[in-house]
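Working notes, structure below.
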Amino acid sequence: MKNTYKYRLLSRITLEAVTPLVIGSGNKNIKTDSVVTKDVNDLPYIPATTLAGLIRHSLPEEEQNKWMGYQTKEESYGSQLILSEAKILSEDGKPIDGLNNKEDALTQLCLQLPIRQHVRINHQGVAEKNGKFDEEIVPKGMRFCFEMELISEEDDNEIMDKILSTIQSNGFRIGSGSRSGFGQISIISILHKKLNLSTPEDLELYLSKSSSLEKIWKGFEPYNSKGNTNTDYINYELALQPSDFIFFGSGFGDECSDMTFVKEPVIQWNDDGKVSIIEKEKVILIPGSSVKGALAHRTAYHYNKLKECFADGKSAEELQRHVGKQNGAVKLLFGSEGDNKEKNKRRGNILISDIIQIHKEELEKKVLNHVKIDRFTGGAVTGALFSEEVLYAHELSFTLEILLDKAAITEFKENKEDKENNIDKNKALKAFETALTDLCKGYLPLGGGVNRGNGTFTGSLKKDGDTIYEYK
């Protein structure tokens, strides 16, 4: 018997980027190694396939196949969840869907999106050869709108409630780099409607709905959120204060210095619905990737210390298995790229967000001049004078939130490689928390120029709301 799917559960979601988004297109251009996905108007958007994949992954396996379909050699079953692309909102708060001829501040910003620089660091703390790359990002504050439709034979809103609750959780991230500071979102509004197409009124209302996101359907009603307590994660909150200078390089120089600290514009929405673009000169950015790299390196150090794994009497090949990305704690918590044959890949279990802070006035910055000294003669090396722009942030304070997937610890199961490395999940967790404490004590500096005194922080550490360390 053929299903009629007489019930339609419709939702319209507006979301905002809390940290920059990276929705890669797989292409590059003359300016960057990775360009974000853009629509016919050359504006960034989130493909429906991206949203569908994230939602499917968040559901239990039995519900994935039931609601989002499957395909095997013997049979196939289509998805009952239909999603639209997520389109950006213009400065008047309306989605831009279809050809757009009107320019505003947001569309102008999208023509010159920020570019984030990266460099791969090895276990010795130095840049890998050919390890520099960059990518285009969608800035913090950009808003998107998309719609979902669930077709069902059952008069039950449970699965839609579960999906909407998941989307609202802090652990739901969009795009790549979600383990390195990107992709955190907040839900601004949800409109919802359940229709029974066997009734003439609901059928007529459904047929009047346009597929264009620009045209707001009159049938939507405010959705009563069920809330999400985010119990799937251990929440670490660090309140940090710089000792003096901090420096997170942009990869570019200007007329005053050879290297400036990273700066990006931020989009800010006011209570009256109007938008303003905050100049990058008034924004402090501490990239999550910088924090992640430092924590991973220090976690490996403490893990080896707890396991009494020292260099004495070990060959270079044996030591290689205990440093950098090969370290057991780093693999368990921060993930692994796998070996040369692309096997044993492991997704990271820690979510770190960029720290982005807006200030009313331009930041207090200082250009420091440096010269490389010849270690043999003690004199200056010819042509080795350089300068860098650092930020004096002694009176500022920052909040860093880190989420650790509980299942990574409680449900950890060793594979063959884990058994060979003898991964100890309890010692890995202790090593990670000790690394966080080091950051709060001022023992673990962040950013560039740390061997010249930059990047030292002190502060307090909370775990699920309870203080476990406070600097005095």
Side-chain angles (χ1 to χ4, degrees), residues 5-18 21 39 43-52 54-56 58-59 67-68 79-98 100 106 141-152 154-170 172-174 184-228 267 269-275:
Y5 298 124
K6 64 179 180 179
Y7 292 101
R8 296 290 191 274
L9 306 177
L10 303 168
S11 294
R12 180 184 177 95
I13 299 101
T14 301
L15 61 90
E16 182 178 314
V18 176
L21 304 184
D39 62 15
L43 301 175
Y45 76 101
I46 305 173
T49 50
T50 298
L51 297 169
L54 292 168
I55 293 171
R56 183 185 182 94
S58 69
L59 297 175
W67 297 105
M68 303 199 69
S79 174
Q80 291 177 230
L81 184 68
I82 304 169
L83 294 109
S84 73
E85 297 169 338
K87 299 290 191 176
I88 71 165
L89 270 59
S90 62
E91 63 178 13
D92 59 3
K94 296 180 180 179
I96 302 175
D97 195 3
N100 177 59
L106 291 184
M142 190 71 77
R143 288 185 177 180
F144 294 83
C145 179
F146 71 98
E147 293 182 353
M148 294 191 299
E149 178 180 346
L150 187 70
I151 58 178
S152 175
E154 306 166 9
D155 183 12
D156 185 3
N157 210 31
E158 182 180 352
I159 185 63
M160 182 62 87
D161 286 339
K162 185 179 292 186
I163 292 172
L164 294 176
S165 177
T166 298
I167 290 174
Q168 294 177 84
S169 69
N170 197 15
F172 187 81
R173 307 291 169 104
I174 294 179
Q184 184 180 356
I185 65 166
S186 66
I187 300 300
I188 303 304
S189 68
I190 298 178
L191 298 175
H192 186 64
K193 184 68 174 179
K194 180 167 69 174
L195 299 175
N196 181 352
L197 300 190
S198 63
T199 63
E201 297 83 5
D202 282 0
L203 178 60
E204 183 178 355
L205 188 61
Y206 180 75
L207 294 176
S208 68
K209 186 181 182 304
S210 171
S211 61
S212 173
L213 293 171
E214 282 189 334
K215 300 178 181 179
I216 299 179
W217 183 50
K218 295 181 180 179
F220 281 126
E221 300 169 354
Y223 174 74
N224 295 320
S225 175
K226 307 300 180 183
N228 192 301
I267 299 166
W269 296 83
N270 303 320
D271 295 337
D272 58 3
K274 294 183 179 180
V275 69

### Message
Show every salt bridge (charged side-chain N to carboxylate O under 4.0 Å, His left out) that has at least one partner inside residues 195-221, sequence neighbours left out.
### Response
E147-K209, K193-E221

### Task
Please report the C-alpha distance between T14 and L191 in whole Å, then the side-chain angles of each, then the deciding distance to 0.1 Å, and finally whether the side chain to side chain contact (heavy atoms under 4.5 Å, CB included) criterion is met.
CA-CA 9 Å; T14 301; L191 298 175; over 6 Å; no

### Query
Can F146 and L15 be said to form a side chain to side chain contact (heavy atoms under 4.5 Å, CB included), step by step?
CA-CA 9 Å; F146 71 98; L15 61 90; 3.7 Å; yes

### Query
Which one of L81, I55, I151, I159 satisfies the side-chain contact (heavy atoms from CB on, under 4.5 Å) criterion with W67?
I159

### Task
For D161 and Y223, test the side chains for any donor-to-acceptor distance below 3.5 angstrom and give the result as yes or no.
yes

### Task
For E149, enumerate each residue passing the side chain to side chain donor-acceptor pair (under 3.5 Å) test, keeping only those at least two apart in sequence or located in another chain.
R8, Y206

Hey, can you pull the donor-acceptor pairs under 3.5 Å for the side chains in residues 43-50, sequence neighbours left out?
none

### Summary
In this structure, CG of L150 is separated from OH of Y5 (nearest 0.5 Å) by 10.0 Å

### Query
Any donor and acceptor pair, going by atom type alone, linking the side chain of H192 with main-chain N or O of L10 inside 3.5 Å?
yes

### Check: R56 side chain, M68 main-chain N or O, donor-acceptor pair, under 3.5 Å
yes

### Task
Provide the closest heavy-atom pair for L106 versus L89 in the form atom of the first, atom of the second, distance.
CD1-O, 3.2 Å

### Task
Kindly compute the distance separating CD1 (I163) from CD1 (I13), expressed to the nearest 0.5 Å.
9.0 Å

